[in-house]
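To start, the structure under review is shown below, and the notes come after it.
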Amino acid sequence: MARVLVVGAGLTGSVCAALLRGSALGRIAVWDKARGAGGRMSTSRSARDAACIADLGAQYITLETEGAEPRRSFYEELLSHGILKPLTAPIEGMVVKEGSCNYVAPQGMSSVVKYYLKQSGADVFYEQHVTCISLRDGKWEVSGKMGPPEQFDVVVLTMPVPQILQLQGDIVNIINESQKQQLESASYSSRYALGLFYEAGTQIDVPWAAQYITDNPCIRFISIDNKKRNIESPEIGPSVVVHTTVTFGSEHLDSDPAEVQQLILNHLERIVPSLPKPASIKCQKWRYSQVTKAVPNCLGQMILHTQPLLICGGDGFTFSNFSGCIDSAMSLAEAVKSHL
């Protein structure tokens, strides 16, 4: 029985692991360097109240009817389990494409990823930061920043493309020159997100659930996050999410986080002067926010080595949204099954 490692507990990794369940494999392991599931579909919690949550990455999920058939079952399954619900709250400045449907996750975006991880039956390990991949006796020896190295028959990499190129070990020489050029051509935007968490009973008096900002150099999007998810309760404090512009994100990518946070808050106060003082704040830097240019000439994945199998995928091989991650996960799972 083959032992499979999926690196990355984001949407692509979790769906891939779920699709591999039941095939001729042994235990599937999922490793992620973060403290929890989600990747760029992460949900943060207030330090004071675990029920007060905010989506600091993806805000909602869009199903476009054109070319959606292979993915429709994924949406329908999540809707039937209450993981997703239609987005009905007012979002100012949102561009709605004809024939598309938007959905929110009532329990936060990470609940989508957690659903697939549970479906996978995989052994999931957090704070496992993979640093080195080498060949040892016909298997992949995978090392992290902590703990002893482990061996696997198949390794699936689903982290952002630049992080694949940062790995050490035999993988450096296994990636051929042509593949390296393809991988290096992928590019991402960067941005910051703030999560503002409030005590129960706090009133945030604005007429919208979220809005896109077009005339501010720092802030691009503001969401009253619980209102966006249709979760308004006197027992749970509200939360606000702020996303910066891509330009601001790239200009301040390596700035002091405390300074960046204060800059964003200064701009936020000008846009929404009535906003009360939060009980706590989380500042999240997305170095790899959204794919601006995908790896060319790849159908959702790239095989780096066949025996044993080393393969990589993710939205860097398709496009940055739910459908792109699903497409890559299906392509990855199909390739792994065909190599068993």
ask   = Hey, what's the ring geometry for H267 with F248, parallel, tilted or perpendicular (30° and 60° as the breaks)?
value = perpendicular

ask   = Under 30°, 30 to 60°, or over 60°: which ring-plane class applies to W31 and F152, parallel, tilted or perpendicular?
value = perpendicular

In this structure, would [X] and [Y] fall into the same cluster of hydrophobic residues linked by side-chain contacts under 4.5 Å?
{"X": "I213", "Y": "V260", "result": "yes"}
{"X": "I236", "Y": "Y198", "result": "no"}
{"X": "Y192", "Y": "Y188", "result": "no"}
{"X": "F197", "Y": "L268", "result": "no"}
{"X": "V156", "Y": "L165", "result": "no"}

ask   = Is there a side-chain contact (heavy atoms from CB on, under 4.5 Å) between Y60 and N102 once you walk through the steps?
value = CA-CA 7 Å; Y60 50 86; N102 294 301; 3.8 Å; yes

Can you tell me how far apart [atom1] ([X]) and [atom2] ([Y]) are? Round to the nearest 0.5 Å.
{"X": "I264", "Y": "E269", "atom1": "CD1", "atom2": "CD", "value": "14.0 Å"}
{"X": "D254", "Y": "R287", "atom1": "CG", "atom2": "CZ", "value": "5.0 Å"}
{"X": "S42", "Y": "L56", "atom1": "OG", "atom2": "CG", "value": "5.5 Å"}

For the residue pair [Y] / [X], report whether a side-chain donor-acceptor contact shorter than 3.5 Å exists.
{"X": "Y115", "Y": "E77", "value": "yes"}
{"X": "T62", "Y": "S100", "value": "no"}
{"X": "K33", "Y": "Q128", "value": "no"}
{"X": "S323", "Y": "Y75", "value": "yes"}
{"X": "D55", "Y": "T43", "value": "yes"}

query = Around Q119, counting heavy atoms of other residues, nucleotides and ligands shown, do more than 12 lie under 6.0 Å from its CD?
reply = yes

Flag if over 12 foreign heavy atoms under 6.0 Å of CG, L299 = no

task = Write down the atom of D315, the atom of T12, and the distance for their closest heavy-atom approach.
result = N-OG1, 4.1 Å

key: Shortest non-hydrogen contact from Q301 toward A335   = NE2-CB, 4.0 Å

Flag, side chain of [X] to backbone of [Y], donor-acceptor distance under 3.5 Å:
{"X": "K285", "Y": "L253", "result": "yes"}
{"X": "S289", "Y": "W286", "result": "no"}
{"X": "Q262", "Y": "E259", "result": "no"}

